[in-house]
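One structure below.
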2 protein chains.
Amino acid sequence: MDASQLLKGVLDVAVLAVVRDEDGYGYDVVRRLRAAGLEDVGDASVYGTLRRLFQAGALTSYVVPSDEGPHRKYYAINDRGRSVLEDSTKTWRTFADTVDGLLGPVAA
Amino acid sequence: MDASQLLKGVLDVAVLAVVRDEDGYGYDVVRRLRAAGLEDVGDASVYGTLRRLFQAGALTSYVVPSDEGPHRKYYAINDRGRSVLEDSTKTWRTFADTVDGLLGPVAA
DNA sequence: CCGCAGTACTGCGCATTGAGCGGTACCGTC
DNA sequence: GACGGTACCGCTCAATGCGCAGTACTGCGG
């Protein structure tokens, strides 16, 4: 199995979770996700997810010019984002439990 | 979040796990998956997965004529399938733990 | 002074894969 | 003999992660 397929549907929550902890800009979110264990995420996937989430109204953004490189587009979570994150977290837990239940009986 | 996206990459393992417990034919696998909690799986998705798995050499199949309906195409797991299932299970556990770690810190 | 590496963001096209819908076919019953 | 339930399949669509290329800015080494 390719972990990239597992990522589908989870990247959103992961990004939301990372940003909830602290505002972040794309490049940084990528690093944090990788540090958290999602080592194979492509940067383009994260940028895309960030944009989708922003368009969906779950994130706000502001640009911060940087002296040490290009500007950084920071994203911050808002109420809608928090509620999406909460719902998604529940969905995830339920789903994960179900899968564990299916796989568990033998390979427990 | 839509659970259908979560399913991606997991249907394979789920189907493998269900068939490992007992040989099954499409229609039946669908029922068992739904009973296990994956209530939204489409039948076509399962049939497709079964065929993909079969083509990948993880399943064998045999047709059993039925007196009480159309023939049934049973699928059985083989060694390759078992090893795929094992690997996928590990991948899943690792992945699930990572996601839990990301979401957990707050909603623990 | 130029190029290169690192940072940061974006666009485009591709592949995978689950879903929906429709179609075929068989059986028993009313 | 039409209908509902069982059983399977094909086609097309949509979502989404990925790879790659491109733009741009900063600072450093040659």
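Numbers restart at 1 for each chain; the letters A, B, ... are given by sequence-line order, proteins then strands.
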For this session: For the pair A/V63 and A/Y25, evaluate side-chain contact (heavy atoms from CB on, under 4.5 Å) and give the outcome as yes or no after the intermediate values.
Result: CA-CA 9 Å; A/V63 174; A/Y25 52 97; over 6 Å; no
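- Heavy atoms of other residues, nucleotides or ligands lying less than 6.0 angstrom from CZ of A/R80 number 12 at most.
- Separating the CD atom of A/Q5 from the P atom of D/dA15 is a distance of 16 Å, rounded to the nearest angstrom.
- Annotation: proximity of residues 32-55 of chain A to DNA chain C (heavy atom, distance under 4.0 Å) is found for A/A44, A/Y47, A/R51, numbered in ascending order.
- Between A/F54 and A/Y75, the angle of the ring planes goes over 60°, which puts this pair in the perpendicular group of the 30/60° scheme.
- As judged by a 4.0 angstrom heavy-atom cut-off over every strand, B/K8 is placed among the base-contacting residues.
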Exercise. Do A/S88 and A/D12 pass the side-chain contact (heavy atoms from CB on, under 4.5 Å) test, and can you show the C-alpha distance, the side-chain angles, and the key distance before you say yes or no?
Worked result: CA-CA 9 Å; A/S88 298; A/D12 282 34; over 6 Å; no
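- Heavy-atom contacts of chain A under 4.0 Å fall on DNA chain C between two terminal nucleotides, which in 5' to 3' order are C/dT7 to C/dT17.
- Under the 30°/60° scheme for interplanar angles, the aromatic rings of B/Y74 and B/Y62 are found to lie parallel.
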For this session: Given salt bridge (charged side-chain N to carboxylate O under 4.0 Å, His left out), test B/R93 with B/D97 step by step and report yes or no.
Result: CA-CA 6 Å; B/R93 301 254 194 241; B/D97 285 349; over 6 Å; no
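- Heavy atoms of other residues, nucleotides or ligands lying less than 6.0 angstrom from CZ of A/R82 number more than 12.
- Every residue two or more places apart in sequence or in another chain was checked for a side chain to side chain donor-acceptor pair (under 3.5 Å) with A/D43, and none qualifies.
- Residues B/P70 and A/P70 both approach DNA chain D. Their nearest nucleotides, taken by heavy-atom distance, put B/P70 toward the 5′ side.
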